[in-house]
Student: 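One structure is given below, represented as structure tokens, and several questions about it will come after.
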Amino acid sequence: MAKKKLFSRPMIGVDLGATKIYTLLVDERGNALAESKMNACGEQGGDAVLKRIASSIDNVMTQSGAGKKDIGGVGLGVPSPVDLKTGTALFSPNLGWRNFPVKARLEKQLKMRVRVDNDVNLGTLGEFTLGAGRGTRNIAGFFVGTGIGGGVIVDGKIIHGKNNTGGELGHTIILADGPLCGCGNRGCLEATASRIAITRDLQAAMSNGIPTLLNNLLAHDTDRIKSSILKKAYKDGDELVRAILDRAAWHIGIAVANITNSIGPDIVVIGGGLFEALGQQLIPIVRRSAMLHFFGPAGKDMPIALAELGDAAVALGAAVNAAARIS
Ligand SMILES: [Zn+2]
């Protein structure tokens, strides 16, 4: 089935991560026509990062033969809460940004209009428009990676909240007085179910001598445990890995129930590297836990689905977001 037309002209979406820039030029239906990947080089400062973004935009326009006048708009996702009125990135520890006026500076460089939002909000918008949430009005998204990002869309609009921190589902409290989170609180979902939390729990168990296939799979480096390694150990029946990942999925299920009990979405979408690797195994556990924690009929007939867009979700959502302002 042909995708419906979303934009009147091709759009550009940029995903600025902590370490990488991923840029897509998409046609009127959201199909990628050109892409560019480069390192963000955040340590060189904000203006250097913006220069690299500008050159990634040049790249995709050159590849597709488009000029500035052919492009409907540029959207950018940043790993930070964003003041939407000014397009200022408020706080991004990974990039060392605080109150950085990313929209104004990038527009000056590009001489094109730019719309900026938080990266995970845009990942959720991407899934809502072009991925697992197509055809719905209300969606909550969880993206499980190093941390856990979240996004909430109600009646087709991203929820930003009074202080631009709406949709931070990774920092809902799952375990009162639980493990310390990077945000300073205790017991956040991110502190119990993210890759950082999973690695912490695996390392603690391994240093207590609990047997696991990871001892062979990881050689001596236990600091970075890749999803592919976890997948192999999980599928081979490693009891430690299964117990820790199943518990993480169980906690994500509690967070799914919490947001469902709060806003009653049409669908909850879960993505990120861990679920790309082990979604088939973990989603049923998320579902079982959520079912146990829904308020009455809150979760009746509500799908809990794997994200579909993978690494392209944020850039696609950024393109969609840029168009929303123009139409
Ligand atoms: Zn937190």
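When a ligand or atom number is given, it counts from 1 through the structure's own listing order.
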Student: Side-chain donor-acceptor pairs under 3.5 Å in residues 40-53, sequence neighbours left out?
Tutor:
{"residue": "Asp47", "atom": "OD1", "partner": "Arg105", "partner atom": "NH1", "Å": "3.0"}
{"residue": "Asp47", "atom": "OD2", "partner": "Arg105", "partner atom": "NH1", "Å": "3.3"}
{"residue": "Arg52", "atom": "NE", "partner": "Asn39", "partner atom": "O", "Å": "2.7"}
{"residue": "Arg52", "atom": "NH2", "partner": "Asn39", "partner atom": "O", "Å": "3.2"}

Student: If the threshold is 4.0 Å, N to carboxylate O, is there a salt bridge linking Lys20 and Asp15?
Tutor: no

Student: Let me have the donor-acceptor pairs involving side chains of residues 149-162, under 3.5 Å, with sequence neighbours excluded, atom names and distances please.
Tutor:
{"residue": "His160", "atom": "ND1", "partner": "Ile158", "partner atom": "O", "Å": "3.3"}
{"residue": "His160", "atom": "NE2", "partner": "Asp117", "partner atom": "OD1", "Å": "3.3"}
{"residue": "His160", "atom": "NE2", "partner": "Asp117", "partner atom": "OD2", "Å": "2.6"}

Student: State the count of protein N/O/S atoms located less than 2.8 Å away from the Zn ion (ligand 1).
Tutor: 4

Student: Which residue pairs pass the side chain to side chain donor-acceptor pair (under 3.5 Å) test when at least one of the two sits in residues 267-285, sequence neighbours left out?
Tutor: none

Student: Measure across Cys183 and His171 and return the closest heavy-atom pair with its distance rounded to 0.1 Å.
Tutor: SG-ND1, 3.5 Å

Student: What I want to check is whether the side chains of Ser227 and Arg195 have a donor and an acceptor closer together than 3.5 Å.
Tutor: yes

